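Below: one structure, written as structure tokens.
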There are 2 protein chains.
Amino acid sequence: MRPTKRDELVDKALKAFYANGFHATGMDRLVEETGISKTSMYKHFQSKEALILAVLQRRDAQFRDWLFGRMERLGKTPRGQMLAMFDALEEWFEEPGFRGCLFIKAASEFQEPGHPIHAQAATHKALIYDHLRSLAAQGGADNPALLARQLLVLKEGAIVAAQVEGCRAAAAQAKDAAKTLLDNALAH
Amino acid sequence: MRPTKRDELVDKALKAFYANGFHATGMDRLVEETGISKTSMYKHFQSKEALILAVLQRRDAQFRDWLFGRMERLGKTPRGQMLAMFDALEEWFEEPGFRGCLFIKAASEFQEPGHPIHAQAATHKALIYDHLRSLAAQGGADNPALLARQLLVLKEGAIVAAQVEGCRAAAAQAKDAAKTLLDNALAH
DNA sequence: GACAGGGTGTACCGATCTGTACATATAGGC
DNA sequence: GCCTATATGTACAGATCGGTACACCCTGTC
């Protein structure tokens with residue numbers, strides 16, 4: 001087992017899928033962009049779908065590590081961390097290669113709710129929700145589940161606005177809305 | 001000119017694209033599902049992309065008519081109309097064939113911001129924003145542009161939550177958040 | 001150097017992709 | 001009924017899709 005080559009494949013495939021979409025990125029094109037032969041790909045993954053699932057797993061870990069890390073760094077209190085999520089989003093939106101959320105794309109291209117790829121996208125969102133709910137509970141929200149859901153809705157909405165309309169201010173606008181919601185929901 | 005056949009094609013193509021995605025729906029499959037021959041399609045539209053653009057135009061008109069109509073019907077005041085948007089969303093989410101927003105899908109599958117399809121998706125969102133800003137101004141919001149953006153973010157976020165996670169409660173949760181925002185932003 | 005074994009690249013498979021050439025059906029003017 | 005013109009359906013073209021068969025190379029052991 002040499003994880004390096006496999007990891008390299010997953011990393012480069014992630015970039016290609018993120019930039020061009022899943023259906024639009026053929027295995028042949030992946031060969032060109034990664035420099036890895038198709039045989040090697042199919043040694044590591046039995047199908048394109050298996051590769052996509054691995055890509056989503058990688059992205060899930062990568063994104064949550066990054067997001068939760070930024071939140072922890074930029075915010076001290078639970079309330080501060082929840083607000084910091086939107087500062088982190090703004091940083092993300094400003095990155096040159098920003099193209100929206102890979103999981104929204106995945107769920108859009110593989111629509112059947114029972115499809116493994118769709119299910120994995122849902123799982124990613126659920127994990128972020130769990131984190132937010134935990135923070136909301138720590139912050140003393142009256143209804144942590146509701147607050148977490150609302151913050152998640154603001155997050156997804158901001159991502160869509162940034163991706164579809166190129167509206168990077170969406171992060172700050174969502175943060176402003178979040179502030180109002182937090183003031184309303186947190187005992188302090 | 002007989003608009004009927006062309007309209008029938010656009011309608012059925014809309015359903016097919018909505019259910020299965022743009023890249024995943026080939027022209028041959030469109031022939032099967034619409035019962036219209038490929039030659040006829042290419043007589044009416046010079047390419048698949050042109051057909052997709054027509055589909056998006058149809059959907060834009062259809063969706064805005066429906067949404068703004070429901071808002072007007074369910075809400076009397078500007079504030080009531082803005083809140084009613086989320087009731088309308090909930091109705092939409094409950095429909096059996098609900099699969100999320102066609103324009104988010106379109107922007108996801110055609111990612112280059114300069115691409116005509118992506119641009120058309122952005123236009124659709126901008127038109128909804130305009131309507132919301134107008135309502136926010138009528139309602140006497142301190143900052144109508146900001147409030148409209150925030151409501152739009154809530155709307156997109158709720159759609160994503162409903163589509164990806166199958167969370168239909170997202171509409172009600174977003175409405176609850178919108179209520180808080182409106183209380184905060186409207187003079188009354 | 002002989003050998004074994006796993007990772008690699010080339011060439012190819014049938015199916016499907018978008019788009020087209022051509023033959024056919026259909027409707028209206030006289 | 002006949003001619004013209006437009007709309008339609010069939011069959012196909014070239015490219016690309018996901019996936020595979022097979023020959024190759026490269027490394028470690030003796």
Side-chain angles (χ1 to χ4, degrees), chain A residues 1-57 102 105-106 108-112 115-118 120, chain B residues 1-57 102 105-106 108-112 115-118 120:
Chain A
M1 265 303 175
R2 40 171 73 181
T4 52
K5 206 73 177 180
R6 189 193 136 115
D7 285 357
E8 185 191 335
L9 168 58
V10 172
D11 258 353
K12 292 188 173 171
L14 166 53
K15 277 174 193 140
F17 285 136
Y18 184 63
N20 307 314
F22 296 99
H23 283 104
T25 304
M27 296 303 273
D28 288 324
R29 185 162 177 184
L30 235 42
V31 171
E32 291 170 20
E33 296 201 13
T34 64
I36 297 171
S37 76
K38 218 192 281 194
T39 313
S40 303
M41 293 182 182
Y42 279 95
K43 276 279 151 71
H44 289 298
F45 302 100
Q46 59 182 341
S47 67
K48 185 183 182 181
E49 180 178 316
L51 173 59
I52 292 175
L53 286 171
V55 163
L56 292 181
Q57 271 169 19
L102 190 69
K105 288 185 220 296
S108 291
E109 292 203 44
F110 303 90
Q111 307 201 58
E112 300 80 22
H115 194 294
I117 293 178
H118 191 106
Q120 190 141 338
Chain B
M1 267 302 175
R2 40 172 71 179
T4 52
K5 205 75 178 179
R6 189 193 135 114
D7 284 358
E8 184 190 338
L9 168 57
V10 173
D11 258 352
K12 293 189 174 172
L14 167 52
K15 277 174 192 138
F17 284 136
Y18 184 63
N20 307 314
F22 295 100
H23 284 105
T25 306
M27 296 302 272
D28 287 325
R29 186 161 176 185
L30 235 43
V31 170
E32 291 171 19
E33 297 202 12
T34 64
I36 296 170
S37 76
K38 218 190 284 193
T39 313
S40 304
M41 293 182 182
Y42 279 96
K43 277 278 151 71
H44 288 299
F45 303 100
Q46 58 182 342
S47 67
K48 184 182 182 181
E49 180 178 317
L51 172 59
I52 292 175
L53 285 171
V55 163
L56 291 181
Q57 271 169 21
L102 190 69
K105 287 186 219 298
S108 291
E109 291 203 45
F110 303 90
Q111 308 202 56
E112 301 81 20
H115 193 294
I117 293 178
H118 191 106
Q120 190 142 338

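Reminder, nothing fancy here: chain letters follow the sequence lines and each chain counts from 1. Note that this is a predicted model, so its numbers are computed, not measured.
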Distance in angstrom units between [X] [atom1] and [N] [atom2], rounded:
| X | N | atom1 | atom2 | answer |
| --- | --- | --- | --- | --- |
| B:Glu32 | C:dC17 | CD | C1' | 13 Å |
| A:Leu9 | C:dG9 | CG | P | 12 Å |
| B:Ile52 | C:dG19 | CD1 | P | 9 Å |
| A:Arg29 | D:dA15 | CZ | P | 18 Å |
| A:Phe45 | D:dT20 | CZ | P | 15 Å |
| A:Glu8 | C:dT8 | CD | P | 10 Å |
| A:Asp28 | D:dA15 | CG | C1' | 11 Å |

Test: B:Arg29 and B:Glu33 ion pair at under 4.0 Å: yes
Between B:Glu109 and B:Lys105, is there a salt bridge with N-O shorter than 4.0 Å? no
Spell out yes or no: do the side chain of A:Lys38 and the base of C:dG9 have one donor N/O and one acceptor N/O closer than 3.5 Å? no
So for B:Thr39 and D:dG9, does any side-chain atom that can act as donor or acceptor lie under 3.5 Å from a complementary atom in the base? yes
With A:Ala50, which residues qualify under side-chain contact (heavy atoms from CB on, under 4.5 Å), at least two apart? A:Phe45, A:Gln46, A:Ser47
Using the ring of each side chain (for Trp, its six-membered ring), is A:Phe110 parallel, tilted or perpendicular to A:Phe22, with breaks at 30° and 60°? perpendicular
Look at all strands and tell whether B:Lys43 reaches a base, only sugar-phosphate, or nothing, counting heavy atoms closer than 4.0 Å.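 Base: the residue B:Lys43, judged by heavy atoms under 4.0 Å, touches a nucleobase.
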Between C:dT8, D:dT20, D:dT8, which nucleotide gets closest to the side-chain atoms of A:Ser37? C:dT8
